[in-house]
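Heads up, the thing below is written out as structure tokens.
Source: prediction; values computed, not measured. Atoms considered below: every heavy atom in the structure, side chains included; atoms not considered: hydrogens, waters and symmetry mates.
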Amino acid sequence: MSRIALALSLSSIATVGHAQVADSLTIYNAQHEGLTQAWVKAFTEETGIAVTVRNGSDMEFANQIVQEGANSPADLFLTENSPAMTLVDGAGLFEPVDAATLAQVPDGFKPSNGHWVGIAARSTVFAYDKTKLSEDKLPKTMAELAEPAWKGRWAASPSGADFQAIVGAFLELKGEAATAAWLKGMKENFAPYRGNSTAMKAVNAGQVEGALIYHYYYFGDQARTGENSKNVALHYFRNQDPGAFVSVSGGGILASSKHKQQAQAFLKWLTAKGGQDILRTGTSFEYAVGRDAASNKALVPLADLNAPKVDPAHLNNAKVTDLMTAAGIL
């Protein structure tokens, strides 16, 4: 593989609308900006391959890639959740990932077809006000949150890709009728907030008793000042419940890429020790998914979550948004 002489600099971290650096990889990045910057910096230092990063959101970039088709300037697409990867894959726009890279990630953290690969993961949790709820009063399943007893007591951020991935897992595990019924109950019961961190703040402030979010919002706040989570604790549903869903962040190579060899090298590095160690030592508090890779020591081990088995390739965001719209949630 050739080494590109241009080193990473701050000018090579571009936002949407900036020009692509010549002879460099271009990533459409929907992952956390700080995490991807750490990955890119370490990768460039190790390989000499320069990288331009354009930041956006999961579905924004997924739809943009589908619209661009074979003319996309992107070499790689990184997401927070896998439904956006499924959308691009459904349009036939991914280059299959090298077998050696796929072998670095266990089943469950990559799609069954091998067209992209998991790079990190996050667990669904019920963040609750520990000053108001004791453990014996917590919901035993995610389905319970749609029951009348929970009316007005919990929050979520329904417009975000995070929550829609959770609903996607419910749909895959329980089917359309059960999902529609759950969403109907949710509409009656929940308080909408914009963003998971805002929903957690509402729990901390006593506005609601709990919120269905991802785990890392809590750990990130605790690692900073803890001011938005001092009254919050996390409830893990476990028992292969939909509420124990672990969402896979994806990395894929565009079939239209003109730098496929370098792009494959990036995904191989990302899923190996170099990339996964940044998850363990950094402040993103997302789970490492590489084979035998350790996650941040503050987290509940992945093996202890007893998450349901969901093929990331089967998560259907279009159906989810249709169901959520029909329920009046979107």
(message) Looking at K130, I'd like to know if its NZ atom is crowded, meaning that more than 12 non-hydrogen atoms belonging to other residues, nucleotides or ligands lie closer than 6.0 Å.
(response) yes

(request) Using a cut-off of 6.0 Å, state whether more than 12 heavy atoms not belonging to K230 lie near its atom NZ. (result) no

For residues [X] and [Y], is any side-chain donor paired with an opposing acceptor at under 3.5 Å?
{"X": "Q31", "Y": "T36", "result": "no"}
{"X": "E33", "Y": "Q37", "result": "no"}
{"X": "D129", "Y": "T131", "result": "yes"}

Find out whether [X] and [Y] are in side-chain contact, i.e. whether some heavy atom of one side chain is under 4.5 Å from a heavy atom of the other.
{"X": "Y193", "Y": "Q207", "answer": "yes"}
{"X": "M324", "Y": "P158", "answer": "yes"}
{"X": "W269", "Y": "Q104", "answer": "no"}
{"X": "S82", "Y": "W116", "answer": "yes"}
{"X": "E68", "Y": "S256", "answer": "no"}
{"X": "T179", "Y": "V167", "answer": "yes"}

[X] side chain to [Y] backbone, donor-acceptor under 3.5 Å:
{"X": "S257", "Y": "L76", "value": "no"}
{"X": "T79", "Y": "G250", "value": "yes"}
{"X": "K268", "Y": "A100", "value": "no"}
{"X": "T321", "Y": "A318", "value": "yes"}
{"X": "D75", "Y": "A263", "value": "no"}
{"X": "T44", "Y": "I49", "value": "yes"}
{"X": "D241", "Y": "G243", "value": "yes"}
{"X": "Q276", "Y": "G290", "value": "yes"}
{"X": "D58", "Y": "N81", "value": "yes"}
{"X": "H215", "Y": "F285", "value": "yes"}

Nearest 0.5 Å please: distance from the [atom1] atom of [X] over to the [atom2] atom of [Y].
{"X": "L212", "Y": "T124", "atom1": "CG", "atom2": "OG1", "value": "6.5 Å"}
{"X": "S123", "Y": "F237", "atom1": "OG", "atom2": "CZ", "value": "10.0 Å"}
{"X": "N204", "Y": "N228", "atom1": "CG", "atom2": "CG", "value": "6.0 Å"}
{"X": "E176", "Y": "L183", "atom1": "CD", "atom2": "CG", "value": "10.5 Å"}
{"X": "W39", "Y": "L78", "atom1": "CH2", "atom2": "CG", "value": "6.5 Å"}
{"X": "L171", "Y": "W182", "atom1": "CG", "atom2": "CH2", "value": "12.0 Å"}

(request) Could you walk me through whether N63 and M59 pass the side chain to side chain contact (heavy atoms under 4.5 Å, CB included) test, one step at a time? (result) CA-CA 6 Å; N63 284 299; M59 298 311 296; 4.2 Å; yes

Heavy-atom pair with the smallest gap, counting every atom of [X] and [Y]:
{"X": "Y214", "Y": "V125", "answer": "C-CG2, 3.8 Å"}
{"X": "L279", "Y": "A120", "answer": "CD1-CB, 3.9 Å"}
{"X": "A327", "Y": "K187", "answer": "O-CG, 3.5 Å"}
{"X": "Q264", "Y": "D98", "answer": "OE1-N, 3.1 Å"}
{"X": "F61", "Y": "G56", "answer": "CE1-N, 3.1 Å"}
{"X": "L267", "Y": "T101", "answer": "O-CG2, 3.7 Å"}

(request) Determine the sole option in L254, I27, L93 for which the side chain to side chain contact (heavy atoms under 4.5 Å, CB included) test with F77 is passed. (result) L254

(message) Does K319 form a salt bridge (charged side-chain N to carboxylate O under 4.0 Å, His left out) with D322? I'd like the steps, not just the answer.
(response) CA-CA 5 Å; K319 188 64 179 177; D322 285 347; 5.4 Å; no

(request) Apply side chain to side chain contact (heavy atoms under 4.5 Å, CB included) to L302 and F109, showing your working. (result) CA-CA 11 Å; L302 269 174; F109 300 108; 3.9 Å; yes

(request) Could you list all the side-chain hydrogen bond (donor to acceptor under 3.5 Å, both in side chains) pairs where at least one residue sits in residues 143-157, not counting sequence neighbours? (result) R153-E209

(request) Can you run down the side-chain hydrogen bond (donor to acceptor under 3.5 Å, both in side chains) pairs that involve residues 287-300, sequence neighbours left out, and say none if there aren't any? (result) none

(request) Under the side chain to side chain contact (heavy atoms under 4.5 Å, CB included) rule, what do D89 and N113 come out as? Steps first, then yes or no, please. (result) CA-CA 10 Å; D89 190 27; N113 62 18; 2.8 Å; yes

(message) Go through it in stages, so that I can follow the logic: the residues are Q164 and L330, the test is side chain to side chain contact (heavy atoms under 4.5 Å, CB included), and I'd like the CA-CA distance, side-chain angles, deciding distance and then a yes or no.
(response) CA-CA 10 Å; Q164 290 172 24; L330 291 180; 4.0 Å; yes

(request) Taking only Lys NZ, Arg NE, NH1 and NH2, and the carboxylate oxygens of Asp or Glu, determine whether E188 and K184 approach each other closer than 4.0 Å. (result) no

